[in-house]
**Student:** 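This structure is in structure tokens; I'll ask about it shortly.
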Amino acid sequence: MNAPRGAPLSPGALALALCLGLGSTTALAAADEPPVAKGTVLVEGPIDTLNIPGTAKRISCEGPFCLWLVVEELGPCFYGLCTNKFMVLSDLEGKFMGASRSLDSWTESTPRFIDAEHVEVVSRNTNYPFTAVDDGLDPTQVSRTVLKVSRDGTRFTQAPSLTPTWTKPGSRRMGSSVAPKPPEPRVVSAELLARARALCPTDVTFNPVDYACGDGTCLLLLTESEPKSGPDAGREEATAKPTFEVEGPFCSVMVKGEDVELASLGGDATSVRVTPTGYAFSGPVGMRGSTEVMEWVSRARPGYMSFSDTEGVVVNGSNPYPVRFAESAKAALALAPTVQAFTLAHVTWGLADWKGPTDLAFAWRLARVGEALALIAEVHDDKVVPLGKGTGLHSDHLELTFPRPSVSPSHTIKVGVLLTAGGKVEARDWTGEANPVLPSIQGTWRKRPHGYEVSLTLPLAALGVEKSARASYFSLAVSDADARGKQETLMGHDGELRFWTEYPPSIAEYRGSSPWPWN
């Protein structure tokens with residue numbers, strides 16, 4: 001099992017030395033070569049991987065091969081513990097056959113056999129701990145890779161792995177929307193600078209960093225420090241020329257006509273990067289006090305957050321999910337982001353019966369129209385089983401969970417949406433044992449080439465949902481029953497709905513509802 005004591009440093013050991021010596025702030029990339037010699041017999045538990053301590057864990061066996069996870073423990077790094085992770089293949093006795101693939105150390109990866117000849121790797125990443133910024137949408141990234149196993153078990157090769165495509169009105173390609181026009185550079189007059197300094201803390205001499213206007217409102221950003229590049233911040237009449245970066249502390253004021261008032265901007269940030277359209281504030285909010293971007297504030301529209309566009313966007317989770325609104329369901333849903341579920345990372349029950357994205361996958365959008373929510377769900381299902389007899393649990397259906405007001409006996413309401421005859425849906429309250437019908441929830445369903453589609457109208461009053469900017473719990477799941485009378489798989493999302501007054505929200509509204517501790 002052990003490599004010769006006189007062996008040179010492996011790539012992983014060399015990387016460890018560089019990490020400890022240079023203070024690397026990024027995760028180490030796993031070495032390209034296998035962590036153990038071919039023919040090594042793997043045993044679950046601690047192992048020595050080419051003179052680096054590690055562990056081996058058998059994942060599963062299929063046909064003539066077994067799948068293993070081998071982790072090289074490289075020691076402390078700037079963000080915590082550095083490791084190299086590998087997926088390797090052995091025979092049924094544990095002898096390493098040669099097939100090896102490195103896995104991202106900072107990503108939650110789940111390898112498994114699809115069959116004796118194919119291995120699936122599903123990776124789920126929220127970009128932690130490298131990004132803490134809230135941009136309005138769920139940051140989760142999910143990917144699925146399928147690898148073919150050679151007959152002798154010596155190598156993995158890439159195999160086709162298609163991501164489901166969704167039909168959605170009003171969709172667009174990422175990056176195709178027109179970016180907001182950056183404001184023209186403005187000059188800070190001596191009078192305005194004096195009024196602004198009078199509002200800022202008096203123990204610091206603040207100098208202008210940037211002065212931008214839009215929609216009748218201007219924002220003047222000041223700092224004690226000089227910019228690293230860009231305009232001369234020491235002049236009393238300075239013209240803004242982004243992009244540049246400056247250090248804190250900061251003071252900011254909002255200017256509306258003759259009114260000048262102190263703005264809540266910067267907070268505990270230690271630096272800000274000024275771009276043509278926004279301000280990226282950074283502070284010591286990462287692991288071990290590392291500096292990370294905390295939030296983006298709009299420069300093109302002073303007084304508002306700089307959030308991601310939602311129209312046509314496809315995300316992998318709903319934590320958070322911005323509830324867009326418009327006068328019609330079609331217009332509102334066209335603005336809403338699409339949330340998709342297509343991998344084992346989204347399967348919450350019945351994984352053993354789930355055969356892959358063609359067996360069950362789905363996507364949904366949610367928006368507000370007046371005093372109701374509009375929901376559309378597109379389900380990929382190779383065998384559609386509508387409601388027969390009984391409660392509907394063992395037929396294809398949707399399950400929705402919303403919070404109830406604190407005065408209610410139950411903290412949540414669970415709604416089952418069943419596919420009935422004639423393209424109608426039937427909503428039932430599955431919170432308790434009675435399962436009463438909820439006639440206020442209306443909708444339709446129809447078959448599609450690869451499954452079915454459900455459209456719903458959900459009155460807020462019937463659900464007890466409050467339109468608060470603070471995050472409101474929400475879950476949506478799809479149940480699959482390929483054989484009538486048997487619930488096989490449940491796939492879904494847990495998240496939080498945000499009912500912003502407008503999107504992106506104003507800085508004041510965001511400050512009053514933000515879950516982040518530094519706001």
**Student:** With a 4.5 Å limit on heavy-atom distance, are the side chains of Thr277 and Arg301 in contact?
**Tutor:** no
**Student:** Crowded around His450 NE2? As in, over 12 foreign heavy atoms under 6.0 Å?
**Tutor:** no
**Student:** Do Val454 and Ile376 have side chains that approach each other closer than 4.5 Å (heavy atoms only, starting at C-beta)?
**Tutor:**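 No, side chains not in contact.
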**Student:** Pairing donors with acceptors under 3.5 angstrom, does anything connect the side chains of Glu108 and Asn125?
**Tutor:**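 Not at all, the side chains of Glu108 and Asn125 share no donor-acceptor pair under 3.5 Å.
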**Student:** For residues Leu74 and Thr83, determine if any side-chain heavy atom of one lies less than 4.5 Å from a side-chain heavy atom of the other.
**Tutor:**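 SC-SC contact between Leu74 and Thr83 ruled out.
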**Student:** Could you tell me which non-hydrogen atom of Ala334 sits nearest to which non-hydrogen atom of Arg365, and how far apart they are?
**Tutor:** N-NH1, 4.1 Å
**Student:** Kindly indicate, with the supporting measurements, whether the criterion ring pair (Phe, Tyr, Trp, His ring centres under 6.0 Å) is fulfilled by Phe402 and His411.
**Tutor:** CA-CA 9 Å; Phe402 294 92; His411 295 299; over 10 Å; no
**Student:** Compare all side-chain heavy atoms of Leu456 with those of Val417 and state whether any distance is below 4.5 angstrom.
**Tutor:**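 Counting from C-beta outward, Leu456 and Val417 do come under 4.5 Å.
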**Student:** State the SG-CD distance between Cys66 and Glu93, to the nearest 0.5 angstrom.
**Tutor:** 8.5 Å
**Student:** Can you find a side-chain donor-acceptor pair between Asp138 and Ser318 that sits under 3.5 Å?
**Tutor:**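 Judged by distance alone, the side chains do not pair up.
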**Student:** Testing the basics here: between Pro403 and Val465, what is the closest heavy-atom pair and its distance to 0.1 Å?
**Tutor:**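 Scanning both residues, the minimum pair turns out to be O-CG2, 4.4 Å.
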**Student:** Would you indicate whether Lys57, at its atom NZ, is surrounded by more than 12 heavy atoms from other residues, nucleotides or ligands within a distance under 6.0 Å?
**Tutor:** no
**Student:** Which heavy atom of Leu137 sits nearest a heavy atom of Ser308, and at what distance?
**Tutor:**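 Reported closest heavy-atom pair: CD1-CB, 3.8 Å.
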**Student:** Checking the side chain of Trp354 only, and the main-chain atoms of Gly356 only, is there a donor and an acceptor separated by less than 3.5 Å?
**Tutor:** yes
**Student:** For Pro164 and Pro357, work out which heavy atoms get closest and say how close.
**Tutor:**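 Here Pro164 and Pro357 meet closest at CG-CB, 4.3 Å.
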**Student:** Looking at every non-hydrogen atom in both residues, tell me the closest pair between Ala363 and Trp166 and how far apart they are.
**Tutor:**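 Ala363 and Trp166 have their closest heavy atoms at CB-CD2, 3.4 Å.
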**Student:** Just wondering, do Arg124 and Thr107 contact through their side chains at under 4.5 Å, heavy atoms?
**Tutor:** no
**Student:** Carefully, step by step, assess Arg324 and Thr310 under the rule side-chain hydrogen bond (donor to acceptor under 3.5 Å, both in side chains).
**Tutor:** CA-CA 9 Å; Arg324 303 301 307 270; Thr310 62; 2.7 Å; yes
**Student:** With rounding to the nearest 0.5 Å, note down the distance linking CD in Glu311 to CG in Leu333.
**Tutor:**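 CG of Leu333 is found 12.0 Å from CD of Glu311.
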**Student:** Is a donor on one side and an acceptor on the other found under 3.5 Å between the side chain of Glu44 and the backbone of Arg58?
**Tutor:** yes
**Student:** Tell me, do Glu295 and Val297 make a side-chain contact under 4.5 Å, heavy atoms counted?
**Tutor:**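 Contact flag for Glu295/Val297 side chains = yes.
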**Student:** Do Arg299 and Asp210 sit within salt-bridge range, that is, some charged N less than 4.0 Å from a carboxylate O?
**Tutor:**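 Answer for the salt bridge query: yes.
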**Student:** Once you round to the nearest 0.5 Å, how far does CG of Asp381 lie from CG of Asp359?
**Tutor:** 7.0 Å
**Student:** Cation-pi between Arg448 and Tyr452: NZ/CZ under 6.0 Å from ring centre and within 45° of the ring axis?
**Tutor:** no
**Student:** For the ring pair Phe307 and Tyr510, is the centre-to-centre distance below 6.0 Å?
**Tutor:**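 Ring centroids of Phe307 and Tyr510 are less than 6.0 Å from each other.
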**Student:** Taking 4.0 angstrom as the limit, do Arg273 and Glu245 come out as a salt bridge?
**Tutor:** no
**Student:** Nearest heavy-atom pair of Pro322 and Gly136: which atoms, and what distance?
**Tutor:**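 Reported closest heavy-atom pair: CD-O, 3.5 Å.
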**Student:** Determine yes or no for a side-chain-to-main-chain donor-acceptor pair under 3.5 angstrom, with Thr431 supplying the side chain and Lys414 the backbone.
**Tutor:**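 Judged by distance alone, yes, a pair lies under 3.5 Å.
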**Student:** Can Ser479 and Gln487 be said to form a side-chain hydrogen bond (donor to acceptor under 3.5 Å, both in side chains), step by step?
**Tutor:** CA-CA 7 Å; Ser479 180; Gln487 184 184 31; 2.9 Å; yes
**Student:** For Glu73 and Lys85: C-alpha separation, side-chain torsions, deciding distance, then whether salt bridge (charged side-chain N to carboxylate O under 4.0 Å, His left out) applies.
**Tutor:** CA-CA 9 Å; Glu73 300 166 358; Lys85 294 183 180 180; over 6 Å; no
**Student:** Pair Tyr279, Leu219 - check side chain to side chain contact (heavy atoms under 4.5 Å, CB included), show working.
**Tutor:** CA-CA 11 Å; Tyr279 304 100; Leu219 189 146; 4.1 Å; yes
**Student:** Could you grab the distance from atom NZ of Lys355 to atom CG of Asp115, nearest 0.5 Å is fine?
**Tutor:**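 Reported value, rounded in 0.5 Å steps: 13.5 Å.
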**Student:** Mark yes or no for whether Thr40, through its side chain, and Ala37, through its backbone, hold a donor-acceptor pair below 3.5 Å.
**Tutor:**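 Yes; judged by distance alone, with no hydrogens or angles, the pair exists.
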**Student:** Please report whether the ring centroid of Trp364 lies less than 6.0 Å from that of Phe474.
**Tutor:**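 So the answer is yes for these two rings.
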**Student:** Assess whether side chain to side chain contact (heavy atoms under 4.5 Å, CB included) is satisfied between Thr145 and Ser161, documenting all intermediate values.
**Tutor:** CA-CA 6 Å; Thr145 302; Ser161 176; 5.9 Å; no
**Student:** Under a plain distance cut-off of 3.5 Å, with no hydrogens placed, do Ser306 and Ser298 share a side-chain donor-acceptor pair?
**Tutor:**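 Side-chain D/A pair, Ser298 to Ser306: absent.
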**Student:** Any side-chain donor-acceptor pair under 3.5 Å between Thr163 and Arg144?
**Tutor:**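 No pair is found: no donor N or O on one side chain lies under 3.5 Å from an acceptor on the other.
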**Student:** Please check: side-chain N/O of His493 versus main-chain N/O of Gln340, any donor-acceptor pairing under 3.5 Å?
**Tutor:**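 Yes, because the side chain of His493 sits within donor-acceptor range (under 3.5 Å) of the backbone of Gln340.
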**Student:** Rounded to the nearest 0.5 Å, what separates atom CG in Leu360 from atom CZ in Phe342?
**Tutor:**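 Reported value, rounded in 0.5 Å steps: 13.0 Å.
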**Student:** Verify, without hydrogens or angle tests, whether Glu292 (side chain) and Pro284 (backbone) share a donor-acceptor contact under 3.5 angstrom.
**Tutor:**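 No; judged by distance alone, with no hydrogens or angles, the pair does not exist.
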**Student:** Do NZ/NE/NH1/NH2 and the carboxylate oxygens of Arg498 and Glu509 come within less than 4.0 Å?
**Tutor:** no
**Student:** Please assess Val315 against Thr338 for the test side chain to side chain contact (heavy atoms under 4.5 Å, CB included), listing each intermediate value before the final yes or no.
**Tutor:** CA-CA 6 Å; Val315 292; Thr338 296; over 6 Å; no
**Student:** For the pair Asp353 and Thr489, evaluate side-chain hydrogen bond (donor to acceptor under 3.5 Å, both in side chains) and give the outcome as yes or no after the intermediate values.
**Tutor:** CA-CA 6 Å; Asp353 292 321; Thr489 305; 5.6 Å; no
**Student:** Classify the ring geometry of Phe281 against Phe250: parallel below 30°, tilted from 30° to 60°, perpendicular beyond 60°.
**Tutor:**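 Geometry flag for Phe250 against Phe281: perpendicular rings.
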**Student:** Roughly how far apart are Glu33 CD and Ser102 OG, rounded to 0.5 Å?
**Tutor:**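 One gets 11.5 Å once the value is rounded to the nearest 0.5 Å.
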**Student:** Give a yes-or-no answer on whether the side chains of Glu72 and Thr49 include a donor-acceptor pair shorter than 3.5 Å.
**Tutor:** yes
**Student:** Determine yes or no for a side-chain-to-main-chain donor-acceptor pair under 3.5 angstrom, with Asp91 supplying the side chain and Phe65 the backbone.
**Tutor:** no
**Student:** Indicate, with yes or no, if the rings of His397 and Trp430 have centres closer together than 6.0 Å.
**Tutor:**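 Close enough - the centres of the two rings lie under 6.0 Å apart.
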**Student:** Would you check if the side chain of Ser252 reaches a backbone N or O of Ala263 as a donor-acceptor pair within less than 3.5 Å?
**Tutor:**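 Yes, the answer is positive, given that a donor and an acceptor are paired below the 3.5 Å cut-off.
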**Student:** So, do Val339 and Asn316 sit near enough that their side-chain heavy atoms are less than 4.5 Å apart?
**Tutor:** no
**Student:** Answer with yes or no whether the side chains of Ser109 and Ser123 bring together a donor and an acceptor at under 3.5 Å.
**Tutor:**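 There is such a pair (donor and acceptor under 3.5 Å, judged by atom type) between the side chains of Ser123 and Ser109.
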**Student:** Show your reasoning for whether side chain to side chain contact (heavy atoms under 4.5 Å, CB included) applies to Leu497 and Leu366.
**Tutor:** CA-CA 9 Å; Leu497 304 181; Leu366 182 74; 3.6 Å; yes
**Student:** Does Thr140 use its side chain to pair, donor to acceptor, with the backbone of Gly317 at less than 3.5 Å?
**Tutor:** no
**Student:** For residues Glu247 and Ser271, is any side-chain donor paired with an opposing acceptor at under 3.5 Å?
**Tutor:**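 Not at all, the side chains of Glu247 and Ser271 share no donor-acceptor pair under 3.5 Å.
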